[in-house]
Structure formats: C-alpha cells, structure tokens
S.K.: 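My structure is below; once you've seen it, I'll send some questions.
Everything numeric here is computed off the predicted structure, so don't read it as measured data. First listed ligand is number 1; within each ligand, the first listed atom is number 1.
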Amino acid sequence: EPAQLRAAAALIAGAERLVVLTGAGMSAESGVPTFRDALTGLWARYDAQALATPEAFEQDPALVWGWYEWRRELVERVGPNAGHEAVARRDAVVITQNVDDLHERAGSKNPIHLHGSLFTPRCSGCGRAAGAPAVGGAGTEGPRTPPSCEHCQSLVRPGVVWFGESLPVDALEKAVEAAANADVLVTVGTSGVVHPAAEIPQVTAKLGGTVIQVNPQPTPLDPFCAVNLRGPAATVLPEIIR
Ligand code: APR
Ligand code: ZN
C-alpha cells in the first residue's frame, strides 16, 4: 500500500548505514528461476536442491557441472533488473545469497556472496581457483564433463556453497558485522528458510536496527520486519530506494 511504500522510502532515505540482503527472488524478474520454483526443461526431473550437494557432485560430476554451467550461461544471457539498479543507486552494503553476478553488473560494489558465485569455479582437490569459464556457451542443458585442475588433475567444481557445506568465513563475518552496524536492512526475495543467512535480518532487528522486507509472500522473517512490502523486487525497490 502507498502508505507503507512511503514509510519504507523515508526510512531508507534517512539510513546512514544501509544494508540490503538479497535472495533468489531478487533475480526472478531477470529470468533466473528461484530455487523453489518448479524447474522447466530437462532440469524439470531434478530437484535443484538435490543437485546442490557434495554427494551429487561426487556421484555424477558431469550432471552437476552441467547444471551450474547451464545456469551461468543463462545468467550471462540475461541482465540486471530495475531492482538491482535501484540497489546500486545507494552506497549500501549488499549481502546476497545469489550466485549470479547481476548486482555487480548493475553497479553495486563488492557484494558479499554468502553462497559463492557461478563465476569462481575451483579445484575440488587443491582448492585453487580454476580459470574463468569460457563465456558465451550455447546454454545447452544436460551433463557436461568438468575440466581437470591444471595443478593436481582433480575435477574442477562450481564455486558455490552446497547444502551441508560451510559458508566462506570471511563473507559470513563481514555480513554479520554489516547487519550489526546497520540502521536499516532491506531483505529482498529470500524465503528466509536457509540458515545462517536467514539469521542476518534478526541481527539488525535485535540490535535496534529497522528491517524492511520485499517479498510477494510471507516468510519466517515477517516478525522481525517493521515494514512488509508484498510485491516484486523490480517494481517495489525503485519506489523505495530513490
Ligand atoms: N521479487 C521478490 N521476491 C520474489 C520474487 C520477486 N519477483 N519472486 C519470488 N520471490 C520470493 C519468493 O516468494 C521466495 O520467498 O523469493 C523467494 C525465493 O526463495 P528461494 O527460492 O528459497 O531462494 P532463497 O531464499 O535465495 O534460497 C536460499 O537456498 O537453495 C539454496 O543456496 C541456495 O541461496 C539459496 C538458498
Ligand atoms: Zn587442484
């Protein structure tokens, strides 16, 4: 409602230490499916969450590598939406659970990637960063054999955090510190069910900061939010971040 939009816009305009936490819903209007959307095409028979595990990669590296390469090529074919661009207008600390590069391409500086990135593959053995993936793939669906590490010949894996794996410590520490210092935190497009990312808005709320949520659906974060804007990111964010 307009009154809630005005309230959120005033809180954000007056924020001195603004933090924006984003999830898959932030990229939905760019055409990147969220994790809990029903998958289409060849991937429809898979559960995205079943592919996002070390066991899945162990069992079928080509299927998992192919899934992430397909998603990277999809991200390369789309672009940031008006929501990403609104976020980039402010000197906010951006914390994202997304592994796409749409915040960077909209102009946000150094977003904190809590769950890694599609653009930083690394060796599953020695951990070395593998060469930047070849751009401009055809976006074909299906298994693809992952490259081998030039140093130790182990398989290269996606540079993302899988279920059961710990988050990059420096990213999590920076995110919690930013949330603790925030006077306003806007959480956008996250279902708030995956921890520890889901705790970040609570850090701000518990330390007296104000949390604003942008999500068409209610989430477990609702109780910590001063304002709950039930709408899509690309429509709402340009209204509240001037
Ligand atoms: N604008 C804003 N929010 C939206 C939009 C939109 N246009 N479309 C969908 N949403 C909301 C949905 O209502 C849902 O609450 O985005 C959220 C997407 O939830 P998930 O798919 O669970 O994505 P996310 O919360 O980022 O998942 C967290 O889970 O799968 C793991 O590691 C993966 O980072 C991911 C983590
Ligand atoms: Zn290696």
Side-chain angles (χ1 to χ4, degrees), residues 20-39 43 46-54 56 64 67-68 71 75 78 80-84 86-87 94-100 102-103 111-118 121-131 146-168 171-172 175 186-201 212-222 225 228-241:
V20 180
L21 169 68
T22 67
M26 181 80 216
S27 299
E29 288 154 281
S30 291
V32 181
T34 70
F35 283 92
R36 281 134 191 111
D37 278 343
L39 290 175
W43 304 114
Y46 297 100
D47 164 10
Q49 299 182 50
L51 292 170
T53 63
V64 173
W67 158 247
Y68 282 93
R71 286 186 60 212
V75 166
V78 300
N81 59 53
H84 294 103
V87 169
V94 176
I95 304 167
T96 187
Q97 298 170 83
N98 300 336
V99 293
D100 61 50
L102 298 177
H103 280 302
I112 300 170
H113 280 274
L114 289 179
H115 296 162
S117 161
L118 290 167
R122 66 171 187 273
C123 175
S124 60
C126 68
R128 269 181 173 73
S148 297
C149 170
E150 282 153 19
H151 180 79
C152 76
Q153 306 317 314
S154 301
L155 291 179
V156 172
R157 59 161 284 176
V160 302
V161 176
W162 281 328
F163 286 105
E165 294 186 317
S166 50
L167 277 63
L172 184 56
V186 183
T187 172
V188 187
T190 179
S191 54
V193 297
V194 173
H195 293 257
E199 265 99 30
I200 287 177
I212 296 167
Q213 180 166 226
V214 177
N215 192 323
Q217 305 294 329
T219 73
L221 301 175
D222 284 18
C225 298
N228 269 306
L229 301 170
R230 294 269 187 266
T235 307
V236 171
L237 289 175
E239 303 257 324
I240 62 175
I241 303 178

S.K.: Test L155 against every option in P146, C149, P147 by the side-chain contact (heavy atoms from CB on, under 4.5 Å) rule and name the one that passes.
M.R.: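 Per the side-chain contact (heavy atoms from CB on, under 4.5 Å) rule, the option paired with L155 is P146, out of P146, C149, P147.
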S.K.: Where does the angle between the aromatic ring planes of H84 and H103 fall among parallel (under 30°), tilted (30 to 60°) and perpendicular (over 60°)?
M.R.: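 Aromatic pair H84/H103 classed perpendicular.
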S.K.: Quick one: does V32's side chain get under 4.5 Å of L102's, heavy atoms only?
M.R.: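 V32 vs L102: side chains touch.
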S.K.: For the 3.5 Å polar cut-off, considering only N or O atoms, please tell me whether H115 and ligand 1 meet it.
M.R.: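 N/O-N/O distance under 3.5 Å: yes.
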S.K.: Are any of the heavy atoms in V188 under 4.0 Å away from ligand 1?
M.R.: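 The answer is no, since V188 has no heavy atom less than 4.0 Å from ligand 1.
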S.K.: Against heavy atoms of A24, which atoms of ligand 1 measure under 4.0 Å?
M.R.: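 Listed by number with element, the hits are 23 (O), 24 (P), 26 (O).
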S.K.: Do I240 and V214 have side chains that approach each other closer than 4.5 Å (heavy atoms only, starting at C-beta)?
M.R.: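 A side-chain contact under 4.5 Å exists here.
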S.K.: For atom 8 (N) of ligand 1, what's the nearest protein heavy atom and its distance?
M.R.: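 It is A28 CB, 3.8 Å.
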S.K.: Would you compute the distance between atom CD of Q213 and atom CG of L21 and round it to the nearest 0.5 angstrom?
M.R.: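 The CD atom of Q213 sits 9.5 Å away from the CG atom of L21.
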S.K.: Is any N or O atom of V194, backbone or side chain, closer than 3.5 Å to an N or O atom of ligand 1?
M.R.: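 By distance alone, the answer is no.
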S.K.: Say whether T22 and T96, considering side chains only, have a donor N or O and an acceptor N or O under 3.5 Å apart.
M.R.: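 The criterion, which ignores hydrogens and geometry beyond distance, is satisfied for T96 and T22.
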S.K.: Please report the C-alpha distance between V87 and M26 in whole Å, then the side-chain angles of each, then the deciding distance to 0.1 Å, and finally whether the side chain to side chain contact (heavy atoms under 4.5 Å, CB included) criterion is met.
M.R.: CA-CA 10 Å; V87 169; M26 181 80 216; 4.3 Å; yes
S.K.: Give me the nearest non-hydrogen protein atom to atom 17 (C) of ligand 1 as residue plus atom name, then the distance to 0.1 Å.
M.R.: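 Its nearest protein heavy-atom neighbour is G189 O, 3.4 Å.
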S.K.: What is the closest protein heavy atom to atom 31 (C) of ligand 1, and at what distance does it sit?
M.R.: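 Residue, atom and distance for the closest contact: F163 CZ, 3.7 Å.
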S.K.: Any idea which of G116, G83, S191 brings a heavy atom closest to atom 19 (O) of ligand 1?
M.R.: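 Shortest heavy-atom distance from atom 19 (O) of ligand 1: S191.
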S.K.: Has P216 got any heavy atom lying under 4.0 angstrom from an atom of ligand 1?
M.R.: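 It does; at least one heavy atom falls under 4.0 Å.
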S.K.: What residue and atom, counting heavy atoms only, is the protein's closest point to atom 1 (N) of ligand 1, and at what distance?
M.R.: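 Looking at atom 1 (N) of ligand 1, the protein heavy atom closest to it is A233 N, 2.9 Å.
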S.K.: For the Zn ion (ligand 2), check which protein N, O or S atoms are under 2.8 Å away and list them.
M.R.: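 Short answer, with waters excluded from the count: C123 SG, C126 SG, C149 SG, C152 SG.
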S.K.: Considering non-hydrogen atoms of the protein only, which is the closest contact for atom 6 (C) of ligand 1, and what is the distance?
M.R.: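 Closest protein heavy atom to atom 6 (C) of ligand 1: G25 O, 3.3 Å.
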S.K.: Which atoms of ligand 1 are found less than 4.0 Å from any heavy atom of G23?
M.R.: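 Near G23, meaning under 4.0 Å from one of its heavy atoms, ligand 1 has 26 (O).
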S.K.: Is there a donor-acceptor contact under 3.5 Å from the side chain of E165 to the main chain of P54?
M.R.: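 A pair under 3.5 Å: no.
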S.K.: What salt bridge (Lys or Arg N to Asp or Glu O under 4.0 Å) pairs are there with at least one residue in residues 230-239, not counting sequence neighbours?
M.R.: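 Every pair satisfying salt bridge (Lys or Arg N to Asp or Glu O under 4.0 Å) with a residue in residues 230-239: D222-R230.
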S.K.: Among all protein heavy atoms, pick out the one at the shortest distance from atom 22 (O) of ligand 1; state its residue, atom name and that distance to 0.1 Å.
M.R.: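 Answer, as residue, atom name and distance: R36 NH1, 2.4 Å.
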S.K.: Can you list the atoms of ligand 1 that are under 4.0 Å from a heavy atom of Q217?
M.R.: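 Matching atoms, with element in brackets: 13 (O).
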S.K.: Dump the intermediate steps for side chain to side chain contact (heavy atoms under 4.5 Å, CB included) on I95 and L114, then the final yes or no.
M.R.: CA-CA 7 Å; I95 304 167; L114 289 179; 3.7 Å; yes
S.K.: With distance as the sole test, does N98 use its side chain to make a donor-acceptor pair with the main-chain N or O of G25 at under 3.5 Å?
M.R.: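 Here the side-chain-to-backbone pair does not exist.
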S.K.: Under 4.0 Å from a heavy atom of T34: give me the atoms of ligand 1 that qualify, with their elements.
M.R.: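 Per the distance check, 21 (O).
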S.K.: Strictly distance-based, threshold 3.5 Å: is any side-chain N or O of N215 a donor or acceptor partner for the main-chain N or O of T190?
M.R.: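 Judged by distance alone, yes, a pair lies under 3.5 Å.
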S.K.: Identify the closest protein heavy atom to atom 12 (C) of ligand 1: which residue and atom is it, and at what distance?
M.R.: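 For atom 12 (C) of ligand 1, the nearest protein heavy atom comes out as N215 OD1, 3.7 Å.
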S.K.: Quick one: pull up CG in L229 and OG1 in T235 and give me the separation to the nearest 0.5 Å.
M.R.: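 L229 atom CG to T235 atom OG1 measures 11.5 Å (nearest 0.5 Å).
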S.K.: For ligand 1, which atoms, with element, lie under 4.0 Å from some heavy atom of E29?
M.R.: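 So the atoms of ligand 1 that pass are 1 (N), 6 (C), 7 (N).
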S.K.: Which value, rounded to the nearest 0.5 Å, describes the distance between H115 atom NE2 and L172 atom CG?
M.R.: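 Result: 9.0 Å between the selected atoms.
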S.K.: Give the residue and atom name of whichever protein heavy atom lies nearest to atom 28 (C) of ligand 1, and the separation in Å to one decimal.
M.R.: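 I find the closest protein heavy atom is Q97 OE1, 3.4 Å.
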S.K.: Does T53 reach the main-chain N or O of A56 with its side chain, forming a donor-acceptor pair under 3.5 Å?
M.R.: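 Such a contact is found between T53 side chain and A56 backbone.
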